[in-house]
Amino acid sequence: MLNPEIAQIGKIDHLGIAVRSIEAAMPLYTGMLGLELHEIEEVADQKVRTAVFPVGESRIELLEPTSPDSPVAKFLEKRGEGIHHVALGVQDVAAALAKLKAEGAQLIDEAPRKGAGGALIAFVHPKSTGGVLLELCQR
Ligand code: CMX
C-alpha cells in the first residue's frame, strides 16, 4: 500500500503540445527534430487525437482537437499552438490526488480516468499550480 502523504512523482511522463493538425506538425517532429512516431491514438473521453514521440524516458504528446468543444480547441482559440500541459509520472494517481488536494490544489478530476496509451490520468487546474496545467499520469 502506497503512502497517500507522498505524491511520489518519479519523472516527467510527457509534455502535451496543442496543435491544430497533427499531420501539419509532423515534418517538425519527425523531420527537423528526427523523432520517431510511436503511435497516433484518439482519446474520445478527452476529445483529442494524440501523436506520441518518445524522447528518452519521457515523451512529447501532440494534441489535436476532434471537436469544437474539446478543451484543446478552446486552448488553441485563446492561446494558439504551444505547450498545453506537463504530465508528471506518479506511482499512484489516486494517492497523488489526495496529497495535492490536502495541499490546497484545485482538482479538475476528483478521481483518475483513462488517458492515451491506457494510462490512468487526472488533471489539476492551472489556477492552483502557477498557470501550468498539470496532469498526473500512472502507467
Ligand atoms: N494551461 C494553462 N492555463 C490554461 C490552460 C492550459 N492548458 N487552459 C486554460 N487555461 C487558463 C485560461 O487561460 C483561463 O485563464 P484566465 O481566466 O486567466 O483567462 C483559465 O485557465 C480558464 O480557462 P477557460 O478557457 O475558461 O477554460 P475552462 O475553465 O473551461 O477549462 C481547464 C480550463 C484547464 C479546466 C480545461 O481545459 C480542462 O479541464 N483541461 C483538462 C482536460 C484536458 O485538457 N484534456 C486534453 C488533453 C488530454 C490528454 O492529454 O489525453
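As the structure is a computational prediction, the values presented were derived from the model and not from experiment. Indexing begins at 1, ligand by ligand and atom by atom, following the structure's order.
- When heavy-atom distances to ligand 1 are checked against 4.0 Å, the residues falling inside are Gln46, Glu61, Leu63, Pro71, Val72, Lys74, Phe75, Lys78, Arg79, His84, His85, Ile108, Phe123, His125, Pro126, Lys127, Gly131, Leu133, Glu135, ordered by chain and number.
- Using a 4.5 Å cut-off on side-chain heavy atoms (C-beta onward), Glu135 and Val86 make no contact.
- Minimum interatomic distance between Glu64 and Ser21 (heavy atoms only, all atoms of both residues): OE1-CA, 3.3 Å.
- Taking the six-membered ring wherever Trp is involved, the centroid distance between the rings of Phe53 and His38 does not fall below 6.0 Å.
- When side chains are defined from C-beta on, Ile17 counts as touching Ile60, because their heavy atoms get closer than 4.5 Å.
- Residues Gln138 and Gln91 fail the side-chain proximity criterion, which asks for heavy atoms closer than 4.5 Å.
- Among residues two or more places apart in sequence or in another chain, the salt bridge (Lys or Arg N to Asp or Glu O under 4.0 Å) test is passed with Glu110 by Lys101.
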